[in-house]
Amino acid sequence: TTTSADDNLIKGVKGLAAFLGCGTNTAQNIINDGILLKKKIQYRTGDGWRFRKDKLTDLLEKEPEILKKVRKK
């Protein structure tokens, strides 16, 4: 099987919530916080947000606590 660039994308708030195993409100807080934007994991497309799965996975492996502070809000 070939992996397309699409396989590396998480689409939208619901996709991020599913990937992180959190609710959509928490996922929205993470998006609003801008931490993923600063790390170049999150970017805007015409119809919503996209997240790079490989970079997000790397970030969570290196800094597992990074999203915890956002989740506490």
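Source: prediction; values computed, not measured.
- In terms of heavy atoms, Asp7 sits closest to Lys53 at O-NZ, 3.3 Å.
- We find the CZ-CG distance between Phe51 and Leu37 to be 9.5 Å, quoted to the nearest 0.5 Å.
- Heavy-atom minimum distance, Gln28 versus Val13: OE1-CG2, 3.2 Å.
- Taking hydrophobic clusters as Ile, Leu, Val, Met, Phe, Trp and Tyr residues chained together by side-chain heavy-atom distances below 4.5 Å, Ile30 does not share a cluster with Leu9.
- Qualifying salt bridge (Lys or Arg N to Asp or Glu O under 4.0 Å) partners for Lys39, counting only residues two or more places apart in sequence or in other chains: Glu63.
- Contact annotation: the side chain of Lys55 approaches that of Lys40 to within less than 4.5 Å [non-hydrogen atoms, C-beta and beyond].
- The cluster map of Ile, Leu, Val, Met, Phe, Trp and Tyr, joined by side-chain heavy atoms under 4.5 Å apart, puts Tyr43 and Leu20 in different clusters.
- One finds no salt bridge joining Arg44 and Asp47 here, because no Lys/Arg side-chain nitrogen approaches an Asp/Glu carboxylate oxygen to under 4.0 Å.
- Here the closest heavy-atom approach between residue Leu56 and residue Leu16 is recorded as CD2-CD1, 3.8 Å.
- Screening Asp58, Ile35, Leu59 for a side chain to side chain contact (heavy atoms under 4.5 Å, CB included) with Ile41, the sole residue that qualifies is Leu59.
- Among residues at least two apart or in separate chains, side-chain hydrogen bond (donor to acceptor under 3.5 Å, both in side chains) pairs with a member in residues 9-22 are Asp6-Lys11.
- Between Leu36 and Trp49 there is no side-chain heavy-atom pair separated by less than 4.5 Å.
- With sequence neighbours excluded, the residues forming a salt bridge (Lys or Arg N to Asp or Glu O under 4.0 Å) with Asp54 are Arg52, listed by chain and number.
- A distance-only check finds no donor-acceptor pair linking the side chain of Thr26 to the backbone of Cys22 [under 3.5 Å].
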